[in-house]
Undergrad: 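Dumping the structure here so I can ask a few things about it.
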Amino acid sequence: MTSKNRLTEAAYQCLPGGPLDVDKAFYDEVAATAFTEPPLRTLVESFILPIRSGKAWPVRKGDICRIVAVEGAQVGDLNIWSLHNPRERFWASRTRQLQRAHVSVYDRLWSTLPYLRPLVTITGDTLKDYGVDGSGTDSEGGRVHDLLGTRCDPYVNRMLTGQDSDYHCHSNLTRAILPYGLTEFDVHDVLNVFQCTGLNDKDQYFMKTCPAKKGDYFEFMAETDILCALSTCPGGDLSKAMWGEGATEGTNFDPTLECCRPLGVQIYRLPGEWLTERGWKEAMPNGPVYKGRHALKDIPFSPNN
């Protein structure tokens, strides 16, 4: 019997009682509040995001945000910031390391340094059993809710096609956050909600047709006050190529327009006592725990050290 190679297991281990350990029973209770009679959660806001557009909205700590495929398959590009400090924002690459490259229920989306805390915890995902025998992986290695890639943008589009387009996700997000005093420089690597991706046998990134169906949803609970922004991707369900073979560079014909659908957003609130009775507390930044100063108080590698 061959033993596992520790070095090919998760580099960042989730140990019982450790900082990456999640109270699954608690978050199961949070998810179940959608199905009680009467529902324990209260809808406080909802809206529809049209195709090829963007919108930003705040979510209060302890509230639940649900993104819904209201008409069928559609990819959404999600950014998250601390509501009170936009320097603290979602960190896709660290989340890939601490959680995984495609996220689902119980995974957390972590913030940037020097803050480093979970901004949200995923509580619901109707695609969590996507793939072969509910494994989360399809026969071609595709998984959903992607952190491998990032948002489409007009700069790469111009480089690849020689054409300008103002409705890529980067641009949609830029427009969405302007009312909150943020700019293009605040847009960051996204979570691609409902997007199915993977790495092929050449270790190259691929995107498959979005498997979401009408009514599918992805929801998360805010662990602190956050600002969210979402773009309905101009590629829609990604069933047609945006660039390269099969695309239509150099023409005015847009084959992906018919692939686009709106997304819905719903924000729910739980009774305040419901959370406190279960011991839930706002996530605090881990950064202040670090007491060093990046060796700035010393001369690195000095013979006197």
Undergrad: Can a side-chain donor-acceptor contact be found between D216 and Y130 if the only test is distance below 3.5 angstrom?
TA: no
Undergrad: Okay, side chain of N286, backbone of R117: is any donor-acceptor separation there less than 3.5 Å?
TA: no
Undergrad: Side chains of S104 and R143, heavy atoms from C-beta outward: is any pair under 4.5 Å?
TA: no
Undergrad: Could you point out which residue of T174, D77, N157, D153 forms a side chain to side chain donor-acceptor pair (under 3.5 Å) with H168?
TA: N157
Undergrad: Side chains of Y115 and N85: donor-acceptor distance under 3.5 Å anywhere?
TA: yes
Undergrad: Atom CG of residue position D21 - does it have more than 12 heavy atoms of other residues, nucleotides or ligands inside 6.0 Å?
TA: yes
Undergrad: Do R52 and S165 get their side chains close enough for a donor-acceptor pair, meaning under 3.5 Å?
TA: no
Undergrad: Would you call K208-D138 a salt bridge at under 4.0 Å N-O?
TA: yes
Undergrad: Hey, are T224 and E282 close enough side-chain-wise for a donor-acceptor pair under 3.5 Å?
TA: yes
Undergrad: Within the structure provided, determine whether E88 and W81 are in side-chain contact (heavy-atom separation under 4.5 Å).
TA: no
Undergrad: Can you tell whether the side chains of D63 and R269 come within less than 4.0 Å, N to carboxylate O?
TA: yes
Undergrad: Do N172 side-chain atoms and Y167 backbone N/O form a donor-acceptor pair below 3.5 Å?
TA: yes
Undergrad: Indicate whether any N or O donor in one side chain lies under 3.5 Å from an N or O acceptor in the other, for D237 and S239.
TA: yes
Undergrad: Is the backbone of E219 close enough, under 3.5 Å, to the side chain of R66 for a donor and an acceptor to pair up by distance?
TA: no
Undergrad: Below 4.5 Å, heavy atoms only, C-beta onward: do C65 and V265 meet side chain to side chain?
TA: yes
Undergrad: Decide whether E29 and W274 meet the rule of one side-chain donor and one side-chain acceptor closer than 3.5 Å.
TA: no
Undergrad: For V193 and I67, which heavy atoms make the closest approach, and how far apart are they?
TA: CG2-CD1, 4.2 Å
Undergrad: With side-chain contact (heavy atoms from CB on, under 4.5 Å) as the test, pick out the partner of L238 among C259, C233, C210.
TA: C233
